[in-house]
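Data block below; observations after.
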Amino acid sequence: MSVALDSSLPALREGAAQAMQKAYAPYSRFRVGAALLTEGGAIVTGCNVENASYPAGICAERAALGSAVAAGHRRFVAVMIVSEAAEPTPPCGMCRQALVEFGSSLQVVSRTTGGSEARWSLAELLPRPFTPSSLQSR
Ligand code: THU
């Protein structure tokens, strides 16, 4: 039995909002924070980290995922995203692919600093994904 998303939402919102404050986004000036909720109830955060060589930058969601995996987590319930956009933004395609590696039942919640919130399942955002099982017929 994994942790309930609803009871973790306030802590996820806070974690993602605090991570957004740490974002390094001098080029886009689009700061993003992400907070992953693990099945065990831990919260691991990340922010976008841009680079003078633009493609070397990393999104908040993948930064959070890297930190979580490095801390030993591989089973996730949800990711909370916070940005200063006018509307809640879904994760980019590369982040959807990175997240689906660990399961498509992930809940994706996105929030603006103004308080608007949207929620999708990763399966809805990335139908017909390429997953570890896609490699099994090699
Ligand atoms: N970005 C994220 O961190 N997450 C998203 O879901 C979308 C985009 C970052 C990448 C870049 O640093 C900035 O936002 C503008 O694209």
Side-chain angles (χ1 to χ4, degrees):
M1 188 59 187
S2 66
V3 68
L5 172 56
D6 284 353
S7 58
S8 300
L9 281 171
L12 279 171
R13 291 184 186 115
E14 181 63 21
Q18 282 189 11
M20 192 201 81
Q21 298 295 331
K22 301 268 177 25
Y24 177 72
Y27 307 107
S28 72
R29 303 201 178 281
F30 187 78
R31 300 186 300 166
V32 186
L36 273 167
L37 177 65
T38 73
E39 279 192 3
I43 291 177
V44 184
T45 64
C47 61
N48 54 333
V49 182
E50 298 186 345
N51 191 278
S53 175
Y54 290 8
I58 188 169
C59 293
E61 296 90 329
R62 276 176 293 129
L65 186 62
S67 291
V69 172
H73 304 292
R74 294 186 180 178
R75 298 174 72 89
F76 306 105
V77 173
V79 62
M80 172 72 66
I81 301 159
V82 174
S83 81
E84 296 165 305
E87 299 294 330
T89 55
C92 80
M94 193 182 293
C95 288
R96 296 179 199 195
Q97 179 64 34
L99 291 165
V100 84
E101 179 76 10
F102 298 94
S104 58
S105 64
L106 189 80
Q107 293 296 300
V108 179
V109 189
S110 183
R111 187 174 174 79
T112 67
T113 48
S116 306
E117 202 166 279
R119 182 166 160 178
W120 310 272
S121 70
L122 184 57
E124 180 187 352
L125 293 176
L126 189 62
R128 301 180 66 86
F130 188 88
T131 67
S133 65
S134 307
L135 294 173
Q136 275 169 10
S137 60
R138 277 178 305 167

Please tabulate, for the side chains in residues 84-95, all donor-acceptor contacts under 3.5 angstrom to protein atoms that are two or more places apart in sequence or on a different chain.
residue : atom : partner : partner atom : Å
Glu84   : OE1  : Arg31   : NE           : 3.3
Glu84   : OE2  : Arg31   : NH2          : 2.7

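- Val3 and Val79 fall into different hydrophobic clusters, defined by Ile, Leu, Val, Met, Phe, Trp and Tyr side-chain heavy atoms under 4.5 Å apart, directly or through other members.
- Shortest non-hydrogen contact noted between Ala35 and Gly15 is CB-C, 4.2 Å.
- In this structure, Leu65 is not a member of the same hydrophobic cluster as Ile43, with clusters built from ILVMFWY side-chain heavy atoms closer than 4.5 Å.
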What's the verdict on side chain to side chain donor-acceptor pair (under 3.5 Å) for Glu101 and Gln97, showing C-alpha distance, side-chain angles and the deciding distance?
CA-CA 7 Å; Glu101 179 76 10; Gln97 179 64 34; 5.3 Å; no
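- No single ILVMFWY cluster, assembled from side-chain heavy atoms under 4.5 Å apart, contains both Val108 and Val77.
- Of the options Ile81, Asn48, Thr45, Thr113, a side chain to side chain contact (heavy atoms under 4.5 Å, CB included) to Met20 is made by Thr113 and by none of the others.
- Within the 4.5 Å cutoff, the side chain of His73 has no heavy atoms near those of the Leu36 side chain.
- Scanning for salt bridge (charged side-chain N to carboxylate O under 4.0 Å, His left out) contacts around Glu124 gives an empty result, with sequence neighbours left out.
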Are Val44 and Phe76 close enough, and set up right, to give a side chain to side chain contact (heavy atoms under 4.5 Å, CB included), and what steps lead you there?
CA-CA 10 Å; Val44 184; Phe76 306 105; 6.0 Å; no
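- We find the CG-OG1 distance between Leu126 and Thr131 to be 10.0 Å, quoted to the nearest 0.5 Å.
- By the ring-ring contact (aromatic ring centres under 6.0 Å, His included) test, Tyr27 pairs with Tyr54, sequence neighbours left out.
- Nearest heavy-atom pair across Ala64 and Gly46 is CB-N, 3.6 Å.
- In this structure, Leu5 is a member of the same hydrophobic cluster as Val82, with clusters built from ILVMFWY side-chain heavy atoms closer than 4.5 Å.
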For a side chain to side chain contact (heavy atoms under 4.5 Å, CB included) check, start with the C-alpha distance between Val109 and Leu12, then their side-chain angles and the critical distance, and finish with the verdict.
CA-CA 10 Å; Val109 189; Leu12 279 171; over 6 Å; no
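- The shortest distance between side-chain heavy atoms of Leu122 and Arg96 falls below 4.5 Å.
- Side-chain contact check for Ser121 versus Gln107: some heavy-atom pair is nearer than 4.5 Å.
- In terms of heavy-atom proximity, Ala19 sits nearest to Cys47 at O-CB, 3.3 Å.
- Residues Ser28 and Glu50 bring a donor and an acceptor atom of their side chains to less than 3.5 Å of each other.
- If you take CZ on Phe130 and CG on Leu135, they are separated by 4.0 Å, rounding to the nearest 0.5 Å.
- Side-chain heavy atoms closer than 4.5 Å link hydrophobic residues (I, L, V, M, F, W, Y) into clusters, and following such links, even through other members, never connects Val32 to Met80.
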